[in-house]
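Scroll down for the structure; my scribbles are underneath it.
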Amino acid sequence: MSAGSVLRRRWSKIAVDTALLAGFLTEFITREGPDYGLHSWVGIVLVPIIAAHLLGNAGWIRRVVARGRSDREFALGVLNAVLGVLAAVCILTGFPIWLEWSDAEFWAVTHTITGFLCIIVMFVHLWRNRSRIRQLAAVR
């Protein structure tokens, strides 16, 4: 890989990860309104950003899954999987609320709980990845 492509990949990774952080924080901040539409649209926009983040880390994911418990980052992989499941449930339970398919309290409660847990686990995820974040952000 050339130095230019590494630099481009680094900056695209920073952009995706920053958009992901900004999106999660925006979701959390706008959860109560007054513009709940913004909350809904940011949630939808997060889907391709999450996909880009996962694709950008596909090699790491494959390695951890292949090695399982013998991988030194297995615990981080489990944490990331938990975050992924929470985010998926949060996003999926947002649709019946947003589209008014159902007024069942189940959707709102599940959406709220998984949303709060996503924020908590996201910050744990960032903390556990702090050395990678510092390396990525380091001026070279």
Side-chain angles (χ1 to χ4, degrees):
M1 208 185 276
S2 72
S5 66
V6 169
L7 188 59
R8 278 190 303 279
R9 183 177 186 277
R10 178 173 166 241
W11 285 108
S12 64
K13 190 163 182 45
I14 289 170
V16 167
D17 292 353
T18 301
L20 193 54
L21 176 62
F24 266 101
L25 292 176
T26 301
E27 281 292 271
F28 185 74
I29 292 166
T30 61
R31 73 190 183 283
E32 295 296 326
D35 186 5
Y36 197 72
L38 177 64
H39 176 83
S40 300
W41 283 108
V42 170
I44 290 169
V45 169
L46 271 173
V47 173
I49 297 171
I50 291 169
H53 179 76
L54 291 172
L55 286 172
N57 292 291
W60 182 88
I61 294 167
R62 278 193 300 272
R63 187 199 81 212
V64 172
V65 169
R67 292 182 184 169
R69 290 179 185 250
S70 66
D71 192 284
R72 64 183 171 81
E73 294 185 308
F74 178 74
L76 181 59
V78 171
L79 176 74
N80 293 346
V82 168
L83 179 56
V85 169
L86 287 170
V89 171
C90 189
I91 290 166
L92 291 173
T93 58
F95 281 103
I97 298 165
W98 181 50
L99 299 172
E100 299 176 354
W101 289 342
S102 170
D103 59 357
E105 191 67 20
F106 165 81
W107 299 113
V109 170
T110 305
H111 186 71
T112 300
I113 290 170
T114 56
F116 276 108
L117 290 173
C118 276
I119 289 294
I120 293 166
V121 175
M122 179 200 64
F123 280 113
V124 173
H125 170 83
L126 290 171
W127 178 255
R128 295 286 312 266
N129 282 291
R130 66 191 178 278
S131 63
R132 282 190 179 96
I133 294 167
R134 277 194 297 270
Q135 288 174 353
L136 193 60
V139 177
R140 297 175 194 189

Please give me the minimum heavy-atom distance between Gly23 and Val42, naming the atom from each residue.
O-CG1, 3.6 Å
Do Ile133 and Leu76 sit in one hydrophobic cluster, given that two such residues count as connected whenever their side-chain heavy atoms are within less than 4.5 Å of each other, even indirectly?
yes
Apply side chain to side chain contact (heavy atoms under 4.5 Å, CB included) to residues Leu21 and Met122 and explain how you reach the verdict.
CA-CA 9 Å; Leu21 176 62; Met122 179 200 64; 3.8 Å; yes
Within one Ile-Leu-Val-Met-Phe-Trp-Tyr cluster: Ile119 and Phe116, side-chain cutoff 4.5 Å:
yes
Main-chain N/O of Val109 paired to Thr112 side chain as donor or acceptor, under 3.5 Å:
no
Any chain of hydrophobic side-chain contacts (each under 4.5 Å) joining Leu86 to Leu54?
yes
Rounded at 0.5 Å granularity, tell me how far SG in Cys118 sits from CD in Glu27.
10.0 Å
Taking His111's backbone N and O only, do any of them form a donor-acceptor pair with Thr114's side chain (distance below 3.5 Å, no angle check)?
yes
Among the clusters formed by ILVMFWY side chains lying less than 4.5 Å apart, do Leu25 and Val121 turn up in the same one?
yes
Would you check, one step at a time, whether the test side chain to side chain contact (heavy atoms under 4.5 Å, CB included) holds for Phe123 with Arg128?
CA-CA 9 Å; Phe123 280 113; Arg128 295 286 312 266; over 6 Å; no
Treat each ILVMFWY residue as a node, draw an edge where side-chain heavy atoms are under 4.5 Å apart, and state whether Leu126 and Phe24 are in one component.
yes
Kindly give the heavy-atom pair with the smallest separation between Gly77 and Val64, and that separation in Å.
CA-CG1, 4.2 Å
Is a side-chain N or O of Asn57 found less than 3.5 angstrom from the main chain of His53, in a donor-acceptor match?
yes
Ring center gap for Trp107 and Trp98 short of 6.0 angstrom
no
Evaluate the side-chain proximity of Phe95 to Ile44: yes if any heavy-atom separation is below 4.5 Å, no if none is.
yes
Distance from His125 atom NE2 to Asn80 atom CG, nearest 0.5 Å?
5.0 Å
Look up atom CG in Leu46 and atom OG1 in Thr26, then write down how far apart they are to the nearest 0.5 Å.
8.0 Å
Examine distances only and state if a side-chain atom of Arg130 and a backbone atom of Trp127 form a donor-acceptor pair shorter than 3.5 Å.
yes
Strictly below 4.0 Å, N to O, side chains only: are Arg63 and Glu73 in salt-bridge contact?
yes
Measuring from atom OG1 of Thr110 to atom CD1 of Ile97, what distance do you get when rounded to the nearest 0.5 angstrom?
8.0 Å
Is a side-chain N or O of Arg31 found less than 3.5 angstrom from the main chain of Phe28, in a donor-acceptor match?
yes
Taken to the nearest 0.5 Å, the spacing of Leu83 CG from Ile50 CD1 works out to 8.0 Å
